[in-house]
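Structure first, then comments.
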Amino acid sequence: MRVSQMLLPTVKEEPAGAEAVSHKLMVRAGLVRQLAAGVYIYLPAGWRVMQKIAAIIRQEMDGIGCQELLMPVINPAELWEESGRYTEIGDELFRFKDRKGTPMVLAMTHEECITWVAAREIRSYKQLPQLWYHIQTKERDEARPKSGILRTREFIMKDSYSLDVSDEALQESYRKHIAAYDRIYRRCGLRFLMVQSDPGMMGGRTAHEYMAPSEAGEDDVVVCRGCGYAANIELAVARPQPLEALPVGAPGAAGEAAAASTDTTARVTLPAATAPAAERLQVVHTPGTRTIAQVTAFLGLPAQRLIKSLIVVTEQAAVKPAATARGAAGASAGTGTASGAPGAALGEEPRPAAWMVLVRGDHELQESKLRKLIGDFRMATADEVLALQAAPAGFVGPVRRAGGDGEGAVVEVTGLPILADEALRDGVYVGGANLEDHHLVGIVPADWGAPAGESVITEPLCAGPGEPVAAAWVDVRRVQDGDRCLECDAPVEIERVIEVGNIFQLGTKYSIPMGATYLDEDGKEQPIVMGSYGIGLARIAAAAVEQHHDDDGIIWPVSIAPWQVELVCVRPADDAQRALAERLYDELRAVGLEVLYDDRAVSAGIKFKDADLLGCPLQVVVGKKAADGIVELKERAGAAGVAALAGVPAGPGTRSELPATEVVAVAGARVAELLSALS
RNA sequence: CGGGGUGUGGCUCAGCUUGGUAGAGCGCUCGGUUCGGGACCGAGAGGUCGGCGGUUCAAAUCCGCCCACCCCGACCA
């Protein structure tokens with residue numbers, strides 16, 4: 001392709017409002033243009049990248065026996081009503097009516113469609129397993145498109161589906177996909193991780209996501225370098241940093257003495273956990289300290305000695321099918337002081353439930369974990385907190401002393417059901433006193449929590465009226481950098497990543513409601529067991545740019561570069577240069593290389609800048625020494641870029657001279673080398 | 001959906017506070033000089049200042065409504 005004749009609108013200035021490196025570079029390099037929020041046009045060079053990614057995906061999917069078909073973007077809404085997603089999914093689903101008034105949708109994935117096909121065409125176990133895929137546009141009315149091509153409302157996705165006779169059989173389809181995905185991402189030159197992911201409340205048990213580390217990502221994953229544990233932060237588990245021993249303070253103090261950092265005078269002393277509650281609990285005056293930071297500073301205690309008491313309300317308790325309240329009965333066997341059904345405090349029917357959720361002061365609530373336990377929820381408003389707890393937000397806590405801070409007052413646990421993060425199993429803490437401007441010192445969660453040793457509740461909890469959960473240990477904390485791996489005890493790290501693919505074991509979520517069944521060997525009708533597997537093509541492109549670029553522009557992995565070689569003729573007006581460049585253009589293509597030929601009559605600087613921006617792996621420069629038969633070969637990656645491309649051996653330096661008679665062979669060999677390094 | 005911001009030539013932006021002839025750089029066209037890392041000189045083309053309404057003798061500028069886009073959050077098979 002000749003640059004002089006093609007649409008390759010490179011731009012010197014960064015697009016306004018672009019944040020992500022990939023967004024800036026892809027626009028500047030003339031690969032894409034934005035048409036509307038989250039809607040992009042792929043210009044010729046950008047589309048070549050997409051086609052190359054698609055080709056790799058096709059090869060690998062075909063390689064595991066997955067058959068390509070094509071399903072439409074326009075679906076009758078009826079189909080989505082059958083699966084239940086027509087009502088389950090909100091505004092994200094594009095809906096419209098055709099001229100006859102029939103409700104239609106724009107497909108955001110194709111489970112419904114594939115299940116429709118399966119329901120009609122699959123009859124016998126003899127036809128299974130099947131693996132089907134297509135590469136098709138998806139439409140999602142994203143609330144917030146962002147980061148250029150990373151999160152768009154219309155995007156191209158490879159989605160495949162497996163149909164199996166059983167769960168066991170599904171495992172094999174799943175394994176095949178893992179093998180194919182590993183090869184796809186590797187061939188595309190991405191650094192990537194496969195992590196455990198949340199199958200969601202949508203059904204399905206096992207799910208994994210493929211993640212490409214990048215600052216531009218929107219997800220965080222927890223990875224352990226020791227044993228390879230890797231999971232999305234939404235469900236990741238790890239052992240928290242232990243409580244630091246507090247230096248012994250006041251003589252006569254039975255337990256640990258309070259002391260924070262070296263230059264702060266502790267105002268309180270933490271009593272021994274074994275002391276009787278009535279003696280141990282002490283109300284302290286903490287004026288104006290509503291946040292953990294304020295309390296920490298005021299009391300001179302480290303944040304990890306505080307309890308964060310969050311009050312949340314679930315509003316859809318009545319709508320969601322109430323999961324069994326298993327665990328509830330056992331959990332109420334604490335000190336027995338808890339009382340009151342959730343929702344009772346708020347009163348009336350469509351029973352909204354309110355909970356008090358406790359996490360250690362230096363920890364954060366991982367909302368996705370809590371959501372799995374109690375369903376959708378939100379933080380209570382200040383007014384609701386006051387109504388539920390009879391105390392202002394900022395000073396609520398799990399325990400109160402009846403009658404305020406009077407001596408010898410009786411200890412009570414809040415009326416709300418408590419979900420306490422298991423990091424609070426040990427230790428003595430400070431929490432809100434349920435009294436404005438006061439905190440309570442000496443709280444021992446083990447006292448009123450589930451009995452020590454009780455296993456952590458991981459099943460959904462949903463206490464209906466009359467089914468109170470008094471207190472339970474749960475895992476609702478967000479894993480932090482430096483926490484210890486549960487498997488091998490090595491410190492874990494948190495990495496920002498771009499989700500470039502996912503694999504799900506769907507099970508029968510779609511096949512049952514949509515009637516996709518087969519007859520087994522005994523002639524009995526069985527639901528087909530399904531899996532679903534996605535890859536976002538544009539995200540691979542964007543992640544590749546994020547991972548492989550420098551100040552001058554993109555450094556494409558050869559496998560997905562728009563062209564393998566860019567041939568630059570420095571001065572086309574010079575007959576010798578022009579003639580040699582033309583000849584090399586033909587010769588390079590003749591040996592099967594993909595060549596972009598910059599034959600423009602513009603200054604050399606423009607061509608060099610553009611070549612670096614666009615990022616083809618090799619550059620052949622025909623310049624001054626053309627008459628002597630000498631040209632230059634440059635590897636775009638240079639030494640540093642090469643190192644970033646995992647496993648690719650360093651090539652020639654930035655630019656080296658060689659006879660024109662050799663450059664075709666050398667370039668061909670180098671491209672082959674780069675390609676094989678990625679296979 | 002909540003909060004914040006921005007809409008001015010193809011692109012990146014200034015001008016708006018304090019109303020009075022619409023600007024710069026880049027890009028584009030023509031001529032000339034240059035010619036290996038986004039050249040230089042000269043001459044040009046190109047804008048209903050996001051839209052509608054209001055205030056005013058007069059609105060890019062002030063006011064109201066709407067739209068679009070961007071950022072933070074919520075949301076996210």
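Per chain, numbering begins at 1; letters A, B, ... match sequence-line order. Scope of the values below: all heavy atoms of this structure, side chains included, with no hydrogens, waters or symmetry mates.
The A:Ala16 side chain lies nearest to B:U12 when the options are B:G36, B:U12, B:G38. With B:C13, B:G38, B:A77 as the candidates, the nucleotide lying closest to the side chain of A:Met108 is B:A77. Looking at the side chain of A:Glu632, the nearest of the listed nucleotides B:G38, B:G36, B:A74 is B:G36. Distances were taken from every side-chain heavy atom of A:Phe504 (C-beta onward) to each of B:G38, B:A77, B:C75; the shortest belongs to B:A77. Checking B:G36, B:C75, B:C26 against every side-chain atom of A:Ala143, the shortest atom distance belongs to B:C75. Of the candidates B:C71, B:G38, B:G36, B:C71 carries the atom nearest the A:Lys146 side chain, counting heavy atoms from C-beta on. Looking at the side chain of A:Ala37, the nearest of the listed nucleotides B:G36, B:C70, B:G38 is B:C70. Side-chain proximity of A:Ala36 to B:C76, B:C69, B:G36: nearest is B:C69.
In secondary-structure terms, RNA chain B builds stems of at least 3 consecutive Watson-Crick or G-U pairs, each pair having both distances under 3.5 Å, at B:1-7 with B:67-73, B:10-13 with B:23-26, B:28-33 with B:39-44, B:50-54 with B:62-66.
Distances shorter than 4.0 Å separate some side-chain N or O of A:Arg371 from OP1 or OP2 on B:C75. In this model, the phosphate group of B:G36 is not approached by any side-chain N or O of A:Gln577 to a distance below 4.0 Å at OP1 or OP2. Phosphate proximity of B:G38 to A:Ser603: absent, as no side-chain N or O sits under 4.0 Å from OP1 or OP2.
A:Tyr510 and A:Glu82 are not linked by any side-chain donor-acceptor pair at a separation below 3.5 angstrom, with hydrogens and angles left out of the test. For the residue pair A:Asn232 / A:Ser197, no side-chain donor-acceptor distance below 3.5 Å is found, with atom types taken as modelled. Checking A:Thr152 against A:Tyr40 by side-chain atom types alone, no donor-acceptor pair falls below 3.5 Å. With hydrogens and angles left out, the side-chain atoms of A:Tyr161 and A:His110 include no donor and acceptor closer than 3.5 Å.
When the side chain to side chain donor-acceptor pair (under 3.5 Å) test is applied to A:Ser147, no partner is found at least two apart in sequence or on another chain.
In this structure, A:Asp610 reaches the bases: a heavy-atom distance under 4.0 Å links it to at least one base atom across the strands shown. Nucleic acid contact class of A:Gln34 (heavy atoms, under 4.0 Å, all strands): sugar-phosphate only. Across all strands, A:Glu142 comes closer than 4.0 Å to no nucleic acid atom at all (heavy-atom distances). Using a 4.0 Å heavy-atom cutoff across all strands shown, A:Arg33 reaches no nucleic acid atom at all. No contact: A:Asp552 has no heavy atom under 4.0 Å from any strand. Using a 4.0 Å heavy-atom criterion, one finds that A:Lys607 contacts no nucleic acid atom at all.
In this structure, A:Asp599 pairs ionically with A:Arg2, as a charged nitrogen and a carboxylate oxygen lie closer than 4.0 Å.
Taking atom C1' on both B:U21 and B:C49, the two are 15 Å apart, rounded to the nearest angstrom.
With hydrogens and angles left out, the side chain of A:Arg151 and the base of B:C75 share a donor-acceptor pair within 3.5 Å. Side-chain N/O atoms of A:Glu13 and base N/O atoms of B:G27 include no donor-acceptor pair closer than 3.5 Å.
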Anything under 3.5 Å between a donor and an acceptor, one on a side chain of residues 611-625 of chain A, the other on a protein residue two or more places apart or in another chain? List them.
| unit_1 | atom_1 | unit_2 | atom_2 | d |
| --- | --- | --- | --- | --- |
| A:Asp612 | OD1 | A:Gln619 | NE2 | 2.8 |
| A:Asp612 | OD1 | A:Lys634 | NZ | 3.0 |
| A:Asp612 | OD2 | A:Lys634 | NZ | 3.3 |
| A:Lys625 | NZ | A:Glu657 | OE1 | 3.1 |
| A:Lys625 | NZ | A:Glu657 | OE2 | 3.1 |

